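To keep things clear, I will list the structure first and then write my remarks on it.
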Number of protein chains: 2
Amino acid sequence: MAAVDRSLVANLPMFAGLSPAEQDELLREARSIRYPKDTAVFDQGAEAARFFLLLHGHLRVEKTTSQGQQSVVRYVSAGELFGVAQAMNLTHYPATAVAAVDSIALAWPSSSWQRLIVKYPSLAASALQTVGSRLQDTQARVMEISNEQVEQRVAHALLRLAKQAGRKVDTGVEIDFPISRQDIAEMTGTTLHTVSRVLSAWENEGLVEGGRQRIILRDAHRLHALAEGEEAIQSRKRSS
Amino acid sequence: MAAVDRSLVANLPMFAGLSPAEQDELLREARSIRYPKDTAVFDQGAEAARFFLLLHGHLRVEKTTSQGQQSVVRYVSAGELFGVAQAMNLTHYPATAVAAVDSIALAWPSSSWQRLIVKYPSLAASALQTVGSRLQDTQARVMEISNEQVEQRVAHALLRLAKQAGRKVDTGVEIDFPISRQDIAEMTGTTLHTVSRVLSAWENEGLVEGGRQRIILRDAHRLHALAEGEEAIQSRKRSS
DNA sequence: CAGGGAGCTTGAGCTGGCGCAATCTCCGGC
DNA sequence: GCCGGAGATTGCGCCAGCTCAAGCTCCCTG
């Protein structure tokens with residue numbers, strides 16, 4: 001239960017409205033926990049005993065249906081609140097969160113939630129915004145999956161990932177954590193095979209550059225055009 | 001600006017934690033507005049000037065992409081909070097809300113939101129829960145659209161509608177507002193044509209009973225089986 | 001440094017459901 | 001009571017993307 005230094009979190013929106021003393025007090029109630037790559041922070045269906053703030057790393061949040069089909073709901077990056085099931089009156093986590101890389105999170109007991117939001121109203125506001133923007137994202141995904149072709153959806157997904165967790169490298173922007181074709185398929189509602197084909201094609205055109213669980217966007221601009229449906233698609237069709 | 005009687009709203013969860021005097025005060029700040037069928041309560045992209053509580057009727061919430069594709073995001077029933085864009089820090093409404101039948105809503109100015117949640121914390125909790133359960137629903141929809149066949153998705157959609165706005169009639173449960181095949185298509189990420197075919201087939205099997213903008217579920221149990229993928233599908237295939 | 005396995009690629013064939021188009025039916029307005 | 005139009009139905013052809021299947025490559029482990 002390492003003590004957490006205020007400087008790690010002071011400039012997160014969640015802590016913005018609070019005095020240093022208040023920040024310290026909030027942090028005193030939290031535990032800092034390390035999650036090695038591929039370990040679960042919590043499991044779908046488990047009792048929602050805690051809520052979290054990711055300090056470092058990246059998590060993959062996935063959901064499995066009763067029939068066993070899995071989808072990647074989203075990725076969590078450092079600074080984000082997550083596992084706030086309790087705030088929405090859920091007693092159990094609706095999804096599983098797995099560390100995509102070695103990660104560190106602050107954990108508060110869910111039972112403190114009620115008390116904390118009364119004492120620190122900015123916490124409620126933060127949660128509302130977190131959940132709100134997550135809702136926006138999810139609705140955007142519904143529209144994408146219903147209305148767009150696979151290529152566009154994959155392009156959108158990559159651009160979103162790059163925005164959220166992109167790291168500049170010499171040939172473009174690399175997604176800053178290991179992500180498999182399977183993961184992308186589960187984000188876009190398609191299959192591993194189709195994603196692989198799409199990325200191969202893009203690689204030939206110099207749009208992206210890939211590898212085992214690695215993706216680098218080389219031409220975000222053209223990808224964006226693709227995502228919006230401005231069919232630069234023709235070129236490839238002819239070249240085949 | 002009709003005065004609103006407390007009795008209309010007193011047993012909604014949103015008002016549950018408040019004293020009658022507080023309820024009255026909250027209501028004093030609201031206007032009650034009538035929306036005839038097919039009129040918009042607010043439009044996607046418009047400035048989020050107010051937030052609402054639906055007192056009576058049903059609204060269809062729809063979203064249009066920049067490319068002009070439309071989806072039905074959800075239906076709002078009486079008692080629900082909606083248009084709380086401001087609470088999630090959006091300055092503009094992300095979707096359009098249209099009265100599916102003649103409806104009545106309470107409207108508060110968005111500018112009051114901050115003040116009101118400080119004064120009535122249960123309002124924030126309510127909003128958080130509203131948004132939270134909406135997020136759950138939307139995520140469930142993503143999983144359905146990605147993993148299920150059209151038939152299952154339509155079955156799920158009908159069952160959800162019936163649960164939310166079902167009215168018992170002698171032959172089964174009728175959805176309590178006009179809803180077209182097109183609307184269902186836009187909820188399930190498919191086309192008018194496919195929905196029509198599915199419903200026709202089901203009608204022949206006695207599962208549902210339809211009409212112009214009307215749907216009655218005659219056999220919710222078998223529909224549920226269908227939705228869960230327990231293929232009673234075979235029977236129809238053979239009989240064709 | 002060899003062996004195994006996870007992740008990826010690629011081919012071939014099939015099909016669910018979409019696009020298009022024609023027709024029908026019912027409701028509301030005049 | 002008739003007409004117009006929105007909503008619904010249905011047939012047909014097609015293709016994007018899925019399924020099934022095989023093989024490859026790189027990384028990690030021992």
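Note on naming: letters A, B, ... go to the chains in the order of the sequence lines (proteins, then strands), and numbering restarts at 1 for each one. Only a predicted model underlies this, so the values are computations on that prediction, with no experimental measurement involved.
Looking at the side chain of A:T191, the nearest of the listed nucleotides C:dC18, C:dC8, D:dC18 is D:dC18. Proximity note for A:Q213 (side chain, C-beta onward) versus D:dG17, C:dC8, D:dA8: the nearest is C:dC8.
Taking atom CD of B:Q149 as the reference point, atom P of C:dT15 lies 13 Å away to the nearest angstrom. At whole-Å resolution of the value, CD1 in B:I184 and C1' in C:dG17 are 17 Å apart. Straight-line distance from the NZ atom of B:K37 to the C1' atom of C:dC27: 12 Å, rounded to whole Å. Put simply, CD on A:E203 is 15 Å from P on D:dT25, counting in whole angstrom units. B:R214 places its CZ atom 13 Å from the P atom of C:dC26, with the value rounded to the nearest Å. Here the P atom of nucleotide C:dG17 and the CD atom of B:E151 are 8 Å apart, to the nearest Å. Rounded to an integer number of Å, the gap from CD of A:E209 to P of C:dT9 is 13 Å. Atom C1' of nucleotide C:dT25 and atom CG of B:L199 are separated by 17 Å, given to the nearest angstrom.
Taking 3.5 Å as the limit, the base of D:dG11 and the side chain of B:R197 contain a donor-acceptor pair of atoms between them. Interface remark: the A:H193 side chain does not form any donor-acceptor pair with the D:dT19 base, using a distance-only criterion of under 3.5 Å.
Summarising the geometry of A:L159 relative to A:A227, their closest heavy-atom pair is CD1-CB, 4.1 Å, with the distance given to 0.1 Å.
If B:T194 and A:I179 are placed on DNA chain C by their nearest nucleotide, the residue sitting closer to the 5' end is A:I179. When each of A:E148 and B:Q182 is assigned the nucleotide of DNA chain D bearing its nearest heavy atom, the one mapping closer to the 5' terminus is B:Q182. With DNA chain C read from its 5' end, the first of the two nearest nucleotides for A:V195 and A:R212 is the one closest to A:R212.
Screening residues 170-190 of chain A for ring pair (Phe, Tyr, Trp, His ring centres under 6.0 Å), with sequence neighbours left out, gives A:H58-A:F177, A:Y75-A:F177. Sorted by first then second residue, the salt bridge (Lys or Arg N to Asp or Glu O under 4.0 Å) pairs that include residues 48-62 of chain A, not counting sequence neighbours, are A:R60-A:E62.
Base engagement by A:S196 is indicated by at least one non-hydrogen atom pair under 4.0 Å involving a base atom.
Residue A:S200 has a polar side-chain atom (N or O) positioned under 4.0 Å from OP1 or OP2 of C:dT10. For C:dG17, neither phosphate oxygen OP1 nor OP2 lies less than 4.0 angstrom from any side-chain nitrogen or oxygen of B:T190.
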B:T64 vs B:T96, test: side-chain contact (heavy atoms from CB on, under 4.5 Å). Steps then yes/no.
CA-CA 8 Å; B:T64 307; B:T96 298; 5.9 Å; no
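Salt-bridge annotation for B:E80 and B:R134: absent, with no side-chain N of the basic residue lying under 4.0 Å from a carboxylate O of the acidic one.
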